[in-house]
Number of protein chains: 2
Amino acid sequence: MGGNGHKLLTAEREQRIMQLLRDAEVVTVSAISAALGMSEATVRRDLQAMHERGLLERVHGGAAIKQESKPEPLFSDKEGQFSAEKQRIATTALTLIRDHDTIFLDGGSTVLMLARLLDSFKALTIVTNSLMAAAQLMESPHRLILTGGEFRAISRTLVGPLSSPILKNIVVDKAFMGTMGFTTSDGMSTTDANEAYTKTQVMERARQVILLADRSKLGSSSFVTCGSDWRLDVLVTDAIDAKMRQELEERETRVIVAGKNAGAKIKADTTRRNR
Amino acid sequence: MGGNGHKLLTAEREQRIMQLLRDAEVVTVSAISAALGMSEATVRRDLQAMHERGLLERVHGGAAIKQESKPEPLFSDKEGQFSAEKQRIATTALTLIRDHDTIFLDGGSTVLMLARLLDSFKALTIVTNSLMAAAQLMESPHRLILTGGEFRAISRTLVGPLSSPILKNIVVDKAFMGTMGFTTSDGMSTTDANEAYTKTQVMERARQVILLADRSKLGSSSFVTCGSDWRLDVLVTDAIDAKMRQELEERETRVIVAGKNAGAKIKADTTRRNR
DNA sequence: GTGGAGATGATTGATTTTGATTGAATATAG
DNA sequence: CTATATTCAATCAAAATCAATCATCTCCAC
């Protein structure tokens, strides 16, 4: 190929790698190694360095281009589908709830699954801005309070400044949040400014903030962040890499990983609780 | 395509699978296996992973593209008695609405029927405390705002003091109210104090108060009234006795009786408006 | 020339992915 | 309804890939 017999500077190599990525979306380590005439070990080192600078995504066997911010899938897409991870996360999060708690439920499919499991408890006060969760809890014996606000069709939640006055009047014990993306630098992020605004408000009014996010959310960042000085007390997820886990624990965020068997165990537990 | 006969990265395989799916709607596991040159076990693993991310539907023997399904019961409604009368009342009430209005929709089946007919208008701002109406208007192009508050299961509305702060912040052009009972002495009445409280709040924030009530409501009184010094600008009903009509007109309340043919005429009217 | 800092390529053990095998679950035919 | 044939999910060994380590190489200053 056009590669001159000369040595390649690191910067030069990175340009070539980026070009390969733009051409093909994904490339294998061996392909890069062959194209640039260097050992796979060096390619991996380069890829890792570039990944840490956010230039690309690392995948097993190669690398993929990083897309800026993922477009938000329609709610119906995420809804009917059964996701084992989300189910496990929701089931694990159940252990954080006690009878007589006042809890907030955010939008999002994982939190919605949690809403479906709340029949086991007694006398909860449930505050939510999610119409899906409200529909789910309509027949439940719990006390149900909806925040007002402007209806956002894509997430089926109530958001924006109009939700502010009612949120100022309440305090919840635990806020179960969903999110489009989460990074340790920016905290939660979403695609809509009004939604981010409401999330921020809620978290200020909660004694404990709990984020339910599967591993696809961790490390990815969406359009709007929910305030720079974010706070998170508990993260429930299905898998997390060691680095982020350590960063979170340094910030005193408790990390709970919903293990494969956790679901069954806890399910039995809640069944017992369910009279 | 640069499809070299070499190794395929996971991301590449998923792209190819999605392409096959778009071409054929449904594909068998064995077909994918043959097309991509990989074992069926790996194909199944990929399909499961993609299914959990909502990219496709899994079917026995293969996979199918995910299509948007629109069955949205969310809130199922029970049509009660007098539905023909209610229909006429709602259709008549339509004539009171103009494009770009800001309107409030109360709970109740008659108001709900009105909500179903609002697609004809352009750029309404709709404020409501009725979850049924909200579900109905979810797909509409109008701006939709929900008052917050405590959920009252029997009427599926949001009521109580918590709805107060948000109502204080808005002004609506027209408030379309429903009620359990109505008398000239007490005004509207209902069975729940919180609901009455919210009704009162709404009417204070509306430039024009419009009551939709079939003849079974007129003259009967329920448990709680909505304030002693009630005000009503328009009453839309299907039949009214002369005495009450006169009393109302003395209070400067306009009375509109939805005649049997009124529905059709106005329907034509709205159809025209619907461009 | 000498020595150190940084980078490269090979090696190694650990991790991940793959494909074959198995018994269970599901669909199809009679 | 039962019997037969697919298809599935779980398991395991083999292959591929990874991250860490180490010896070597280059460049540059002294």
Side-chain angles (χ1 to χ4, degrees), chain A residues 3-17 20-21 24-53 55-64 81-85 87-88 215-216 218-219 238-246 257 259-264, chain B residues 4-17 20-21 24-53 55-64:
Chain A
N4 48 10
H6 255 26
K7 263 275 147 73
L8 286 176
L9 257 38
T10 306
E12 220 173 325
R13 293 202 311 255
E14 294 194 348
Q15 277 189 327
R16 301 271 299 265
I17 293 176
L20 290 175
L21 266 179
E25 302 263 311
V26 288
V27 284
T28 63
V29 171
S30 60
I32 299 174
S33 165
L36 303 197
M38 51 197 346
S39 74
E40 299 195 346
T42 305
V43 171
R44 291 202 181 91
R45 273 188 283 255
D46 282 351
L47 290 184
Q48 168 150 19
M50 294 167 79
H51 170 60
E52 280 171 5
R53 282 189 287 147
L55 270 55
L56 46 78
E57 277 312 328
R58 197 68 218 285
V59 297
H60 196 91
Q81 129 210 7
F82 171 76
S83 164
E85 281 81 3
Q87 180 75 49
R88 284 214 305 273
R215 62 173 175 272
S216 71
L218 302 184
D238 60 322
I240 186 171
D241 65 66
K243 184 168 163 237
M244 178 175 270
R245 181 171 204 151
Q246 185 184 350
V257 177
K260 226 164 198 158
N261 46 359
Chain B
N4 46 12
H6 267 135
K7 270 262 146 67
L8 283 178
L9 251 34
T10 307
E12 286 180 290
R13 292 201 312 255
E14 294 193 350
Q15 282 186 339
R16 302 271 297 265
I17 292 176
L20 290 175
L21 265 180
E25 302 264 315
V26 288
V27 285
T28 63
V29 171
S30 60
I32 299 174
S33 166
L36 303 197
M38 50 201 298
S39 74
E40 300 195 347
T42 304
V43 171
R44 291 203 180 90
R45 273 187 285 251
D46 281 351
L47 291 184
Q48 166 150 15
M50 294 167 79
H51 168 61
E52 283 178 4
R53 283 191 288 145
L55 270 54
L56 47 78
E57 256 342 305
R58 196 68 218 283
V59 297
H60 197 88

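Reminder, nothing fancy here: chain letters follow the sequence lines and each chain counts from 1.
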Does A:Thr42 put a side-chain nitrogen or oxygen below 4.0 Å from OP1 or OP2 of C:dG9? yes
How far does CG of A:Asp46 sit from CG of A:Leu56, to the nearest 0.5 angstrom? 10.0 Å
Taking CD from B:Gln48 and P from C:dA25, how many angstroms apart are they, rounded to a whole number? 17 Å
Give the intermediate values and the outcome of salt bridge (Lys or Arg N to Asp or Glu O under 4.0 Å) for residues A:Arg44 and A:Glu40. CA-CA 6 Å; A:Arg44 291 202 181 91; A:Glu40 299 195 346; 3.3 Å; yes
Per nearest nucleotide of DNA chain D, the residue lying toward the 5' end, A:Arg45 or A:Ser30, is A:Ser30
In whole angstrom, give the distance that lies between atom CD1 of A:Ile32 and atom C1' of C:dT8. 17 Å
Rounded to whole Å, CD of A:Glu40 lies from P of C:dA10 at a distance of 10 Å
Could you state the atom-to-atom distance from CG of A:Asp46 to C1' of C:dT8 in whole Å? 11 Å
Rounded to whole Å, NE2 of B:His60 lies from P of D:dA5 at a distance of 15 Å
Taking the side chain of B:Met38 as its heavy atoms from C-beta onward, which of C:dG19, C:dA10, D:dC18 lies nearest to it? C:dG19
Between P of C:dT18 and CZ of B:Arg44, the distance in whole Å: 15 Å
Just to be sure I understand the rule, does B:Val43 reach a base, reach only the sugar-phosphate, or reach nothing, if contact means heavy atoms closer than 4.0 Å? nothing
Here the distance between atom P of D:dT17 and atom CG of B:Leu8, to the nearest Å, is 12 Å
Check the phosphate of D:dC8 against B:Arg58, side-chain N and O only, distance under 4.0 Å to OP1 or OP2. Yes or no? yes
Please report the shortest heavy-atom distance between B:Val26 and B:Ala64, naming the atom on each side. CG1-CB, 3.4 Å
B:His51 NE2 to D:dA9 P, straight-line distance once rounded to whole Å: 10 Å
